[in-house]
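Chain A is the first sequence line, chain B the second, and so forth, proteins listed ahead of strands; every chain is numbered from 1.
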There are 2 protein chains.
Amino acid sequence: MSREKQVLREYISQNKLKLTEQRELILEAFLSVKGHVTAEELYQIVCKQNPMIGLATVYRTLNLLCECGLVQQRQFGDGQTRYELVQAHHDHLICTKCRKIVEFENEDIEKIQEQIARQHGFIIQTHKHELYGLCSDCQDKEREPLITEKQDFLVY
Amino acid sequence: MSREKQVLREYISQNKLKLTEQRELILEAFLSVKGHVTAEELYQIVCKQNPMIGLATVYRTLNLLCECGLVQQRQFGDGQTRYELVQAHHDHLICTKCRKIVEFENEDIEKIQEQIARQHGFIIQTHKHELYGLCSDCQDKEREPLITEKQDFLVY
DNA sequence: TTAAGTGCAAACCTTTTGCTGCCCC
DNA sequence: GGGGCAGCAAAAGGTTTGCACTTAA
């Protein structure tokens, strides 16, 4: 059994919740896709295996998975929440044109963050670090000055 | 006249838009509050001066201000969009308990970001960097392990 | 047995849009 | 004078919730 299933089972038993078929199915479907899924996308995947599952259950289960620390929410500015497996920490590069998402990690930044937090008396629990720009493919297609184009990624 | 008013006027005349009383009033109100306002908050402020202005106009004007590069949107995970004046770039420390928001800047991080983007072939347009944690006040009040408490800041 | 979970539909909240009349340029 | 704007209300889109029924423990 995967680590994630174990964590979920433990959280469920510790909190007097119940392990249902739906919850296991949704977790499995979530694990089967890598990356940053929306609730709707996950719902579509789950539906193929069990068309009886409702969107509300997907939302409720995703929130449960957040509560037990397996999943984190992200908002990349396109109006919907994306859910992501909590693994080794990483951050994101997002292309504002084609919406490609690239993950990156950088230890130096993590260290500086800790330092900044300490200076302000904070203890960091988590962080989000997103770089928005044009990926190499999209740079070639368009070279207009930033300020003149409608900045979709900020407008949502 | 403030720099911001000038930028707005220029953007408006260049794009064959119109400078209305409402737009000027909303910009002024926006400038009068520092920090990270929601559309609703700004609407409340504007209403005190001119109760005839509608919420839709506030949204439309905020989007206009984003388009002309004066304002940026931010989502700190509490379910609503916040608008912030684009000034010297800075990032945010957010207390997950009392929701205090502290701004910070760090040149080293900016440099590393550029480097990371270059490695992935990206050209950065903007970025968001948010550290979530407990501020010094809230650390004293609560010292429970993270994983066992409901992570409100992630759930929204 | 019974408290928690599910599906469904309705409610909610924030943000956008259609429309009609208005006003800046 | 004409095209963009404002106000209003309705729509939209994502997420949550109330309810009656079902099911895990």
Q: Count the heavy atoms of every other residue, nucleotide or ligand shown that sit under 6.0 Å from CD of Gln6(A), and state whether that count exceeds 12.
A: yes

Q: Can you tell me the distance, in whole Å, between the CD atom of Glu67(B) and the C1' atom of dT16(C)?
A: 13 Å

**Q.** Short side-chain N/O contact from Thr20(A) to OP1 or OP2 of dT6(C), under 4.0 Å
**A.** yes

Q: Verify whether one side chain among Glu40(B) and Gln44(B) offers a donor that lies under 3.5 Å from an acceptor in the other.
A: yes

**Q.** Whole-Å distance separating the CZ atom of Arg23(A) from the P atom of dG7(C)
**A.** 11 Å

Q) Starting at CD of Glu40(B) and ending at C1' of dT16(C), how long is that distance when rounded to a whole Å? A) 15 Å

Q) Counting only heavy atoms not in Gln14(A), do more than 12 sit closer than 6.0 Å to its CD atom? A) yes

Q: Taking Gln22(B) for its side chain and Gly54(B) for its backbone only, find out whether a donor-acceptor pair lies under 3.5 Å.
A: no

Show me the protein contacts with nucleotides 8-13 of chain D, counting only N or O atoms at under 3.5 Å.
residue : atom : partner  : partner atom : Å
dC8(D)  : N4   : Arg60(B) : NH2          : 3.4

(Q) Go nucleotide by nucleotide along DNA chain C from the 5' end; which of Glu21(B) and Thr38(B) gets its closest nucleotide reached first? (A) Thr38(B)

Q.
In this structure, how many angstroms lie between the C1' atom of dG5(C) and the CD atom of Glu24(A), rounded?
A. 14 Å

Q: To the nearest Å, give me how far apart CG (Asn63(B)) and P (dT14(C)) are.
A: 16 Å

Q: Can you figure out which of dG7(D), dT16(D), dT6(C) approaches the side chain of Thr57(A) most closely?
A: dT6(C)

Q) Can you check the Ile12(A) CD1 to dA25(D) C1' distance for me, whole Å? A) 12 Å

Q: Would you mind reading off the distance between Gln73(B) atom CD and dT15(C) atom P, rounded to a whole angstrom?
A: 8 Å

Q) Side chains of His36(A) and Gln73(A): donor-acceptor distance under 3.5 Å anywhere? A) no

Q) Within this structure, what is the CD-to-P distance between Gln44(B) and dT14(C), rounded to whole angstrom? A) 12 Å

Q: Tell me whether the OP1 or OP2 atom of dT15(D) has a side-chain N or O from Thr81(A) closer than 4.0 Å.
A: yes

Q: Indicate whether any N or O donor in one side chain lies under 3.5 Å from an N or O acceptor in the other, for Gln113(A) and His127(A).
A: yes

Q: Kindly indicate, with the supporting measurements, whether the criterion ring pair (Phe, Tyr, Trp, His ring centres under 6.0 Å) is fulfilled by Phe76(A) and His92(A).
A: CA-CA 9 Å; Phe76(A) 292 138; His92(A) 301 90; 5.0 Å; yes

Q.
If you compare every side-chain N and O of Gln22(B) against the phosphate oxygens of dC24(C) (OP1, OP2), does one of them come in below 4.0 Å?
A. no

(Q) Please pick, from dC5(D), dT15(C), dA24(D), the nucleotide with the shortest atom-to-atom distance to any side-chain atom of Lys18(B). (A) dC5(D)

Q.
Tell me whether the side-chain N/O atoms of Tyr59(A) come closer than 4.0 Å to OP1 or OP2 in dT16(D).
A. no

